[in-house]
Protein chains: 2
Amino acid sequence: MHRHEGHDACHAGTGDMLARAEGLCRERGLQFTPLRRDVLEAVAEAGKAQGAYDIAERLSVPGKRVAPVSVYRALDFLMEQGLVHRIASRNAFIPCTHGHAPGEGVIFLICRTCGGVDEASSEEVEGSLGRTLERAGFTPTHSILEVEGDCGACRDRKPAP
Amino acid sequence: MHRHEGHDACHAGTGDMLARAEGLCRERGLQFTPLRRDVLEAVAEAGKAQGAYDIAERLSVPGKRVAPVSVYRALDFLMEQGLVHRIASRNAFIPCTHGHAPGEGVIFLICRTCGGVDEASSEEVEGSLGRTLERAGFTPTHSILEVEGDCGACRDRKPAP
DNA sequence: GGCGGCGGTGATACACTGTAACAAACCCGC
DNA sequence: GCGGGTTTGTTACAGTGTATCACCGCCGCC
């Protein structure tokens with residue numbers, strides 16, 4: 001999903017993403033180093049969720065190896081800043097294309113065909129989940145909601161298997 | 001959670017769980033082998049989510065080692081039969097204490113203090129999530145919803161940190 | 001009885017995911 | 001320039017999960 005051309009109004013391009021990240025780091029007095037930039041770019045360009053080792057390989061060139069541990073550190077940083085998300089069910093990472101309100105829950109829509117991951121949010125889901133948790137006497141600190149299935153583009157592409 | 005005595009009406013004991021599993025396998029013409037029984041028992045007795053290697057260690061005795069790969073196979077079987085669940089955010093497994101309707105979504109409530117995992121379900125959440133997905137043009141096949149926080153018992157135990 | 005298939009298990013090896021620990025490089029203010 | 005914090009490189013290792021092959025036990029069949 002999102003790889004069909006002519007439909008990119010729903011997320012900023014890689015360039016915009018990098019510019020946004022740089023501005024955000026400057027605002028917060030943090031360093032947007034070359035490694036962090038490269039990792040974010042690799043995640044943003046991939047079009048699907050990337051494992052840390054995929055990113056490390058993608059960033060490595062014959063003379064210059066990027067170790068997975070460096071990628072993990074960059075990803076930790078980028079996640080703290082809300083620039084990338086981790087997909088727990090895949091052990092993989094995607095760029096944040098959504099611009100979230102603070103504390104807002106995110107729903108990840110993972111296409112099993114194209115591997116793309118879209119973000120959604122819903123106050124309705126948020127609200128009903130909150131009520132359910134309260135009824136259960138549970139105080140949430142963090143929640144993950146990941147849905148696997150077929151995105152619209154892939155469903156249209158092969159309508160009747 | 002669930003480890004406070006005097007409050008176990010909310011889930012069946014380990015014995016009931018094993019009996020239910022055996023009956024269910026007989027019904028379906030499947031083998032409830034000793035290994036599968038032991039793995040299910042280990043998961044059920046633990047009181048919190050167990051990693052596959054934890055289970056392997058727990059089942060190993062000086063003369064008789066149970067390899068993790070065997071545990072994984074047993075867990076795969078038990079998951080297919082709906083007897084255990086996998087907690088993606090923890091890479092760990094819990095017994096199913098809930099008796100789900102087929103296709104029904106489950107919400108996992110993971111206590112960050114005691115490590116216990118409770119199951120909940122909510123038609124309200126289910127419905128609002130379904131509407132959100134439809135609005136996004138996404139056809140779901142499977143979804144995971146895991147919430148981390150403090151369960152009631154742990155919150156009561158230390159009211160003002 | 002013998003034979004072959006089939007599912008389950010054991011065992012080894014390996015790939016993937018993630019973290020700990022320490023050293024070196026870098027940056028920035030003083 | 002110097003000291004201190006942050007970032008990165010490097011190595012090693014722990015944890016998670018899968019592939020492969022051999023073996024066993026069982027059941028049906030000839």
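No hydrogens, no waters, no symmetry mates; every other heavy atom, side chains included, goes into these values. Residue numbering restarts at 1 for every chain, and letters A, B, ... go by the order of the sequence lines.
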Distance check: side-chain N/O of T33(A) vs OP1/OP2 of dT7(D), anything under 4.0 Å?
no

Checking side-chain contact (heavy atoms from CB on, under 4.5 Å) between E146(A) and each of I87(A), V117(A), V106(A), which is the one that passes?
I87(A)

Is a side-chain donor or acceptor of T139(A) paired with a backbone partner of G149(B) at a separation under 3.5 angstrom?
no

Protein-nucleotide distance (R36(A), atom CZ; dC27(C), atom C1'), rounded to Å:
13 Å

More than 12 non-hydrogen atoms from neighbouring residues, nucleotides or ligands closer than 6.0 Å to CD on E148(B), yes or no?
yes

Looking at dG17(D), I'd like to know if its phosphate oxygens (OP1 or OP2) sit under 4.0 Å from a side-chain N or O belonging to Y72(B).
yes

Out of dT8(D), dT19(C), dA11(C), whichever nucleotide has its closest atom nearest the side chain of V69(B):
dA11(C)

Whole-Å gap separating P (dG7(C)) and CD (E80(B))
13 Å

Assess whether atom CD of E124(B) is packed by more than 12 heavy atoms of other residues, nucleotides or ligands within 6.0 Å.
yes

Which listed nucleotide (dG8(C), dT10(D), dG18(C)) is nearest to the side chain of A67(A)?
dT10(D)

side-chain N/O R73(A) vs dT10(D) OP1/OP2, d < 4.0 Å:
no

Write down the distance between CD1 (I87(B)) and P (dG17(D)), rounded to a whole number of angstrom.
12 Å

Please tell me if S70(B) has a side-chain N or O lying less than 4.0 Å from either OP1 or OP2 of dG10(C).
yes

Atom OH of Y53(B) and atom P of dT17(C): how far apart are they, to the nearest Å?
15 Å

Is there a donor-acceptor pair under 3.5 Å between the side chain of Q50(A) and the backbone N or O of A42(A)?
no

When V66(A) and D76(B) are each assigned the nearest nucleotide of DNA chain D, the 5'-most assignment goes to V66(A)

So what does R90(B) hit on the nucleic acid, given a heavy-atom distance under 4.0 Å: a base, only sugar-phosphate, or nothing?
nothing

Can you tell me the distance, in whole Å, between the CD1 atom of I55(A) and the P atom of dG18(C)?
10 Å

M79(B) CE - dT16(D) C1' separation (whole Å)
13 Å

To the nearest angstrom, the CD-P distance between Q50(B) and dT16(D) comes to 11 Å

Would you say dT8(D) has OP1 or OP2 under 4.0 Å from some side-chain N or O of R65(A)?
no

Determine: side-chain N/O of N91(B) to OP1/OP2 of dG17(D), distance under 4.0 Å, yes or no.
yes

Between CG of D38(A) and P of dT8(D) the distance, given in whole Å, is 10 Å

